[in-house]
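Read through the structure below, which is laid out as C-alpha cells, and then see the notes.
Labels below follow one simple rule: chain letters A, B, ... track the order of the sequence lines, proteins then strands, and each chain is numbered from 1. The shown structure was predicted, so the numbers you read here are calculated from the model rather than taken from an experiment.
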Amino acid sequence: MRRAAHRFGRRVTLRAVLGLALVTAFVTAAASAPWLAPRAPDAQDITQRLTPPRYGGAEASGFVLGSDQLGRDVLSRIIYGARISLSVSALATFGAAIAGTTLGALSGFYGGVADQVLMRVVDVQMAFPYLLLAIAFMLVVPPSIPNIAVVLAISGWVLYARIVRINTVALREREFVAAAYAIGAPNGRILAGHIVPNLVPTITVLATTQIAQFIVAEAALSFLGLGLPPSVPSWGNLMNEGRQYLDSAWWLEVFPGCAIIVATAGVGLLGDWLRDIVDPHLHL
Amino acid sequence: MVPLIVRRCWGLVLVLLSVSSVAFVVLRFTGDPVQMMLPPEETTPEQVTRLRHLLGLDKPVWIQYADFLKNLATGNLGESYRYGTPVTPLVLARVPATLELAGAAIAVAVAVGIPLGVVSAVRKDSALDVFVSSVSFLGIAVPVFWLGPVLILLFAVRVHWLPTSGTGTWQQLVLPAVSLGTYPLAQLARLVRSDVLDVLSEDFVRTARSKGLDERAVLTRHVLRKSALSIVTLVGLNVGVLMGGAIITETIFAWPGIGRLVVQAISFRDFPLAQGAVVYIALMTVVANFLVDLSYGFLDPRVRTT
C-alpha cells in the first residue's frame with residue numbers, strides 16, 4: 001500500500017493535474033449549471049439572433065460565445081449541455097463496465113462452452129462497426145437519455161469482457177486463489193472477493209477511455225439525426241444545429257465542438273495517467 | 001502458412017455469417033419497409049398486402065431468415081427494396097470510393113504520424129516534442145464531425161483552395177482524407193514516440209552508433225524496424241475505426257462510399273441493401289486484419305513458425 005502511495009505521489013505530473021482540473025471544471029459546471037449559466041438554456045431573444053461573440057467594450061451584447069438562430073445564449077447551452085453529455089456517457093460507461101466485467105469474469109473463471117460462445121460473440125461484435133449497431137438500435141427505441149445510454153453500453157461492453165476475461169484466466173492460477181480454495185471458500189466468494197477486486201484498477205482505466213469515446217459517440221448519433229430530440233441542448237445537438245449556419249455563424253458549430261474536444265482531452269489526460277500507474281503495458 | 005490461411009477462411013465465414021445474422025435480426029426491429037415505401041394517405045390495404053407479398057415480407061420471419069441464408073450461401077444478397085436492382089453491384093459500386101478514402105486517410109496518417117513521432121522522440125522534452133505531443137493529444141480528442149465542417153469552413157468557404165464535397169479529383173480527396181486520417185495520425189505519432197524512446201536505449205542501437213552509422217540510418221534501419229510490428233498492428237486495428245469514421249466523413253463530404261450507402265439504406269428500411277453493405281464492411285475489416293496478421297510473418301521471423 002505504501003509502495004502504491006509512493007508511486008502515486010511520484011507520478012503526479014503536470015499533464016495529470018491538467019486532466020484532473022479539466023474534468024473537475026466540467027463536472028462542476030454541469031452540476032452548478034443553474035447558477036453558473038448567464039441565462040436559461042432555452043431563453044429566446046429574437047431581436048438578438050445570431051449575435052457574434054463579443055467580450056467587453058461598448059458593443060458587449062452579453063453573449064460571451066454568441067447567440068444562436070433563436071437568440072439563445074450559446075455559453076449557457078454548452079453549460080447545460082455538459083449535464084446531458086456527461087451523464088449520458090457516464091451512465092453508458094457504468095452499464096458497459098458492469099455488464100462486460102460480469103460476463104468477462106464469469107466466462108474466464110468457469111470457462112467451458114459458455115466461455116467459447118461469449119468469445120465468439122465478442123469477435124463478431126468487434127467486426128461490426130459499433131456506430132452501425134448504435135444507428136440500428138436508435139431506430140428501434142425512442143431517443144431519450146436512458147435509451148441512448150443503453151444503446152452505447154450495448155455497443156461498448158465487449159471492451160471490458162475481453163480484457164477482464166484474459167485477466168481472470170491469469171488470476172485464477174495465482175497462489176492467493178489456490179489459498180482461498182484451500183481454506184474452503186466457495187467459487188462465488190473467490191470470484192467476488194479475490195479476483196474482481198484485483199481487476200478494479202484495469203476496469204477504471206478502461207472506463208476512463210470509454211467515457212471520452214461515449215461523449216463523442218453521443219454527438220455522432222446527434223450528427224446523424226438519431227440522437228436526443230433537437231430541443232435537448234446536448235453538445236451533439238448544438239453542433240448539429242450549428243452546422244446549418246456554418247457559413248454565417250461559425251461560433252454555433254465551433255464552440256460546442258471545443259467543449260467536446262476539451263472534455264475528451266481532459267478525460268484522456270487523466271486516463272493516461274491512471275494507466276501509467278496501474279499498468280503501463282495495458283493495450284486497449 | 002497454409003493451415004493459418006485455411007483456419008482464417010473458416011473464421012471469416014463464421015464472422016460473416018454472424019454479422020449478417022445480427023444485421024438481419026436488428027434491422028427487422030427497425031420498422032416496416034412497406035410503410036416507408038408507400039405514402040400512407042393514398043394507399044389501400046390491398047396494395048400494402050400485395051407489396052408485402054412481393055417483397056416476401058408476409059412469410060414468417062424464420063422462413064425469411066432461412067431464405068436469406070440460402071441466398072447468402074450462393075453469394076446472392078437479394079434485391080434492394082428502394083432501387084429494385086440486385087444488391088451486390090450496388091454495394092460493389094461504392095467499395096472503391098470507400099477504399100480510396102480509407103487508403104488516403106491511412107497514407108496521411110503514416111506519412112505524417114511516423115515522422116512526427118520519431119522527431120518528437122529524438123528531441124525528447126524539446127519545445128518541438130511538447131508541441132507534437134499536444135497536437136497529437138488534441139488529434140485524438142477531435143471528433144470527425146467537428147473537424148470536417150471546420151476544415152470546410154476554413155479551406156473551402158473562407159479561402160477557396162479546395163472544394164467542399166464531391167469526388168473525382170485529388171483536390172476533393174484532401175479534406176475528407178485529412179478529416180478521417182487525423183485520429184490514426186495522432187495515435188501513430190504517440191505510439192511511434194513511445195516505441196522509439198524505448199528502443200533508443202537498447203544495446204543494438206548503441207552498437208549501431210558505435211560502428212559509425214549515421215543517426216538517420218540508425219533510426220530507419222534499426223529503430224523503426226523494431227517498431228514496425230506495433231505500427232502495423234495499430235494501422236490494422238484502425239481499419240475498423242476508419243470504416244466507422246467513414247460513415248460520418250462520407251456524409252459530411254457527400255462521398256459516394258459504402259458508409260453513406262449503409263446509413264441511407266438503414267433509414268429507408270432497405271433491409272437487403274443494408275444487410276449487403278454490412279456484410280461487405282465486415283468483409284473488408286476482417287480481410288484487412290488478416291493481411292495485418294500475414295505481414296507479421298514478413299516483419300518478424302519469429303512469428304513465422306506459429
Discussion item. With a 4.5 angstrom heavy-atom cut-off, is it the side chain or the backbone of Leu269(A) that approaches chain B, or both, or neither?
Written reply: both
Discussion item. Tell me which of these, Leu17(B), Leu138(B), Ile252(B), has more heavy-atom pairs under 4.5 Å with chain A than the rest.
Written reply: Ile252(B)
Worksheet item: Heavy-atom distance under 4.5 Å to chain B: side chain of Asn240(A), backbone, both or neither?
Response: neither
Worksheet, complete the sentence: Under 4.5 Å to a heavy atom of chain A? For Phe145(B) that would be both
Discussion item. Could you tell me if the side chain of Pro146(A) sits less than 4.5 Å from the side chain of Leu91(A), heavy atoms only?
Written reply: no
Discussion item. Need one label for Ala219(A): side chain, backbone, both or neither, based on atoms under 4.5 Å from any heavy atom in chain B.
Written reply: both
Worksheet entry | Residue Ala212(A) versus chain B: region with a heavy atom under 4.5 Å | neither
Worksheet entry | Trp235(A) side chain vs Gly257(A) backbone, donor-acceptor pair below 3.5 Å | no
Discussion item. With a 4.5 angstrom heavy-atom cut-off, is it the side chain or the backbone of Val142(B) that approaches chain A, or both, or neither?
Written reply: both
Item to complete: Run the ring-centre check on Phe255(A) versus Trp250(A) and record whether the distance is less than 6.0 Å.
Response: yes
Discussion item. If we define contacts as heavy-atom pairs under 4.5 Å, which of Leu153(B), Leu147(B), Leu16(B) has the most with chain A?
Written reply: Leu153(B)
Item to complete: Heavy-atom distances under 4.5 Å only: say whether Arg28(B) touches chain A with side chain, backbone, both or neither.
Response: neither
Discussion item. Please give me the minimum heavy-atom distance between Ala246(B) and Leu180(B), naming the atom from each residue.
Written reply: N-CD1, 3.8 Å
Worksheet item: Can you tell if the side chain of Ser85(A) reaches within under 4.5 Å of the side chain of Ser234(A), non-hydrogen atoms only?
Response: yes
Discussion item. With a 4.5 angstrom heavy-atom cut-off, is it the side chain or the backbone of Ile266(B) that approaches chain A, or both, or neither?
Written reply: both
Worksheet item: Are the side chains of Arg15(A) and Trp273(A) in touch, meaning some heavy atoms are under 4.5 Å apart?
Response: no
Worksheet item: For the rings on Phe268(B) and Tyr81(B), is their centre-to-centre separation under 6.0 Å?
Response: no
Worksheet item: Is there a salt bridge (charged side-chain N to carboxylate O under 4.0 Å, His left out) between Glu250(B) and Arg94(B) once you walk through the steps?
Response: CA-CA 11 Å; Glu250(B) 289 176 1; Arg94(B) 301 294 195 100; over 6 Å; no
Discussion item. Using a 4.5 angstrom heavy-atom cutoff, name the option from Leu224(A), Val262(A), Ile261(A), Asp272(A) with the most pairs to chain B.
Written reply: Ile261(A)
